[in-house]
Participant: 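Take this structure, written in structure tokens, and hold onto it; I'll ask about it next.
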Amino acid sequence: MKYKLFISDFDGTLVRSDGTLSKKNIEAITKYREAGGIFAVCTGRMLPSILPRAREIGLTDGLLVAFQGATVCDLSTEKLLLDKGFEAEDSLSVLRLLENLGLHIHMYTVYDLYCNRADKWLLQYEKICGVKANVITDEPLAAVAERKKLRIVKILAIVPPAESAALRERLQDKLGERFFVTCSADSLVEVMPADQTKGEAVKFLSRYYGIAPSEIAAIGDQWNDLPMLKEAGGKFTVKNGVAELKKYAKEVASNDEDGVAEAILKYAMEGQE
């Protein structure tokens, strides 16, 4: 086995476009684990959204990474081994910036989602992620976070896909190097502290399992997966992945054509180049 640990993004990578998990991908993951490999999902989703989907894959033990790497959960106990997020003042600064831009905003604690608009974007997000938001329209989200002393883990804005790249660049320029601004989908622009990325998640899993980065493979499809691919020895992206990832990673089949299974069976287990 070439790679002892295989880390996969979820949306756009492991899950198909219709939100389902393919039998072939699940079988490949099972075969890899039965052969002694360690498999982990690393996603931008909040923990309550990804936990039930991990169970669908058959994952009852091992680690699950949520919130881009800010949260790591032990699947056997559902206890948090890593529980990071924003400093209070930093979260308020980001929220106020997004509010001043008049954007559709989500703010997350580990277990709760708050949103400032009940619109088609929210309905679609709730359907895809299987969560319900606390919709706040009578006061700014920053005011709610400050008044309730909420510890915010992640903040995002939903915009039309054609606007996401420009917003990502604008926010990164305004917020500076202390923050990581990225896209986890065509319409989702996410803000995290700079030290809480999927790349940091790879480092955490490497230390936890005692596996060198050169023996770790990772696969993804979006901008937020780039730090993860840069840290892993085996770098893969699905055919539907953004062009930037294809500069760093080997391209496999799309998420609708069992690309994760191809990466596991052909490259992680068989060691083909």
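Nothing here was measured: the structure is a model prediction, and the numbers come from that model. The first residue of the sequence shown is numbered 1, and numbering continues consecutively from there.
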Participant: So how far is it from Cys42 SG to Asp9 CG, rounded to the nearest 0.5 Å?
Facilitator: 7.5 Å
Participant: Within a 6.0 Å radius of atom CD on Glu244, are there more than 12 heavy atoms belonging to other residues, nucleotides or ligands?
Facilitator: yes
Participant: Any chance you could lay out the side chain to side chain contact (heavy atoms under 4.5 Å, CB included) test for Asn255 and Asp221, step after step, and finish with the verdict?
Facilitator: CA-CA 9 Å; Asn255 64 318; Asp221 74 305; over 6 Å; no
Participant: Do side-chain atoms of Asp225 reach the backbone of Gln222 as a donor and acceptor pair under 3.5 angstrom?
Facilitator: yes
Participant: With salt bridge (charged side-chain N to carboxylate O under 4.0 Å, His left out) as the test, would you mind laying out the steps for Glu270 and Lys31 before giving the verdict?
Facilitator: CA-CA 12 Å; Glu270 297 300 327; Lys31 182 176 181 180; 5.6 Å; no
Participant: Go through Glu99 and Arg96 one step at a time and tell me if the salt bridge (charged side-chain N to carboxylate O under 4.0 Å, His left out) criterion holds.
Facilitator: CA-CA 5 Å; Glu99 286 167 346; Arg96 288 167 182 151; 5.9 Å; no
Participant: Is Tyr208 linked to Leu82 within one hydrophobic cluster, defined over Ile, Leu, Val, Met, Phe, Trp and Tyr using a side-chain heavy-atom separation of less than 4.5 Å?
Facilitator: yes
Participant: Which heavy-atom pair separates Leu265 from Ala28 by the least distance, and what is that distance?
Facilitator: CG-CB, 3.9 Å
Participant: Is there a donor-acceptor contact under 3.5 Å from the side chain of Thr71 to the main chain of Asp83?
Facilitator: no
Participant: Closer than 4.0 angstrom, basic N to acidic O: yes or no for Glu126 and Lys132?
Facilitator: yes
Participant: With hydrophobic residues grouped by side-chain heavy-atom distances under 4.5 Å, do Leu141 and Val131 end up in a single group?
Facilitator: no
Participant: Considering all heavy atoms of both residues, which atom of Phe6 and which atom of Ala263 are nearest to each other, and what is their separation?
Facilitator: CZ-CB, 3.8 Å
Participant: Nearest heavy-atom pair of Leu229 and Ala218: which atoms, and what distance?
Facilitator: CD2-O, 3.3 Å
Participant: For a quick test of reading the model, state the closest non-hydrogen atom pair linking Tyr111 to Leu47 and the distance between them.
Facilitator: CE2-CD2, 4.1 Å
Participant: Do Leu205 and Ile216 touch side chain to side chain, with heavy atoms closer than 4.5 Å?
Facilitator: no
Participant: If I compare all heavy atoms of Ser164 with all of Asp186, which pair ends up nearest, and what's the gap?
Facilitator: OG-O, 2.9 Å
Participant: Evaluate side chain to side chain contact (heavy atoms under 4.5 Å, CB included) for Ser22 paired with Arg16, printing each intermediate quantity in order.
Facilitator: CA-CA 7 Å; Ser22 76; Arg16 293 183 288 207; 3.5 Å; yes
Participant: Whether the side chain of Arg168 engages the backbone of Leu188 through a donor-acceptor N/O pair (distance < 3.5 Å, no angle test) should be reported.
Facilitator: no
Participant: Quick one: CZ on Arg45 to CG on Leu51, what's the gap to the nearest 0.5 Å?
Facilitator: 11.5 Å
Participant: Please round to the nearest 0.5 Å and tell me the distance separating atom CD1 of Ile152 and atom NZ of Lys154.
Facilitator: 12.5 Å
Participant: Before giving the answer on side chain to side chain contact (heavy atoms under 4.5 Å, CB included), spell out for Lys127 and Gln124 the whole-Å C-alpha distance, their side-chain angles and the decisive distance to 0.1 Å.
Facilitator: CA-CA 5 Å; Lys127 182 179 180 181; Gln124 183 180 34; 5.8 Å; no
Participant: When rounded to the nearest 0.5 angstrom, what distance separates OG1 in Thr30 from CG in Asn25?
Facilitator: 10.5 Å
Participant: Does Val94 belong to the same Ile/Leu/Val/Met/Phe/Trp/Tyr cluster as Met192, with side-chain heavy atoms less than 4.5 Å apart forming each link?
Facilitator: no
Participant: For the side chain of Asn116 and the backbone of Thr137, is there at least one donor-acceptor N/O pair under 3.5 Å apart?
Facilitator: no
Participant: For the residue pair Ile57 and Leu14, establish whether any side-chain heavy-atom pair is separated by less than 4.5 Å.
Facilitator: yes
Participant: Between Ile50 and Leu64, is there a side-chain heavy-atom distance shorter than 4.5 Å?
Facilitator: yes
Participant: With a sphere of 6.0 Å drawn around NZ of Lys4, does it hold more than 12 non-hydrogen atoms of other residues, nucleotides or ligands?
Facilitator: no
Participant: Would you mind reporting whether Thr182 and Gln68 have side-chain heavy atoms less than 4.5 Å apart?
Facilitator: yes
Participant: Please step through salt bridge (charged side-chain N to carboxylate O under 4.0 Å, His left out) for the pair Asp61 and Arg33, ending with a clear verdict.
Facilitator: CA-CA 11 Å; Asp61 57 7; Arg33 296 180 71 215; 2.5 Å; yes
Participant: With a 4.5 Å heavy-atom cut-off, do Leu122 and Arg117 have their side chains touching?
Facilitator: no
Participant: I'd like to check Leu63 versus Phe204 (side-chain heavy atoms, cut-off strictly below 4.5 Å). Are they in contact?
Facilitator: yes
Participant: Are there more than 12 heavy atoms of other residues, nucleotides or ligands under 6.0 Å from atom CD of Glu139?
Facilitator: yes
Participant: On the 0 to 90° scale, with breaks at 30° and 60°, tag the His106-Tyr108 ring pair as parallel, tilted or perpendicular.
Facilitator: perpendicular
Participant: Would a single hydrophobic cluster contain both Tyr114 and Leu156, if residues Ile, Leu, Val, Met, Phe, Trp and Tyr are joined by side-chain heavy-atom contacts under 4.5 Å?
Facilitator: no
Participant: Take atom NZ of Lys246 as the centre, draw a 6.0 Å sphere, and report whether it contains more than 12 heavy atoms from other residues, nucleotides or ligands.
Facilitator: yes
Participant: Any heavy-atom pair between the side chains of Leu150 and Met107 that's under 4.5 Å?
Facilitator: yes
Participant: Can you tell whether the side chains of Glu27 and Lys24 come within less than 4.0 Å, N to carboxylate O?
Facilitator: no
Participant: Got more than 12 heavy atoms from elsewhere within 6.0 Å of CZ, Arg170?
Facilitator: no
Participant: Decide yes or no for Asp256 and Asn240: does some side-chain heavy atom of the first lie under 4.5 Å from some side-chain heavy atom of the second?
Facilitator: no
Participant: Quick one: do Tyr32 and Met1 satisfy side chain to side chain contact (heavy atoms under 4.5 Å, CB included)? Show the steps, please.
Facilitator: CA-CA 9 Å; Tyr32 176 75; Met1 183 177 295; 3.5 Å; yes
Participant: Got a second to check how far Ile155's CD1 is from Ile105's CD1, nearest 0.5 Å?
Facilitator: 8.5 Å
Participant: Can you hop from Val191 to Tyr125 via hydrophobic side chains spaced under 4.5 Å?
Facilitator: no
Participant: Do Phe236 and Tyr267 have ring centres separated by under 6.0 Å?
Facilitator: yes
Participant: Specify the closest pair of heavy atoms between Ser8 and Thr13, including all atoms of both residues, with the distance to one decimal.
Facilitator: OG-CG2, 3.9 Å
Participant: Once you round to the nearest 0.5 Å, how far does CD of Glu231 lie from CD1 of Ile7?
Facilitator: 10.0 Å
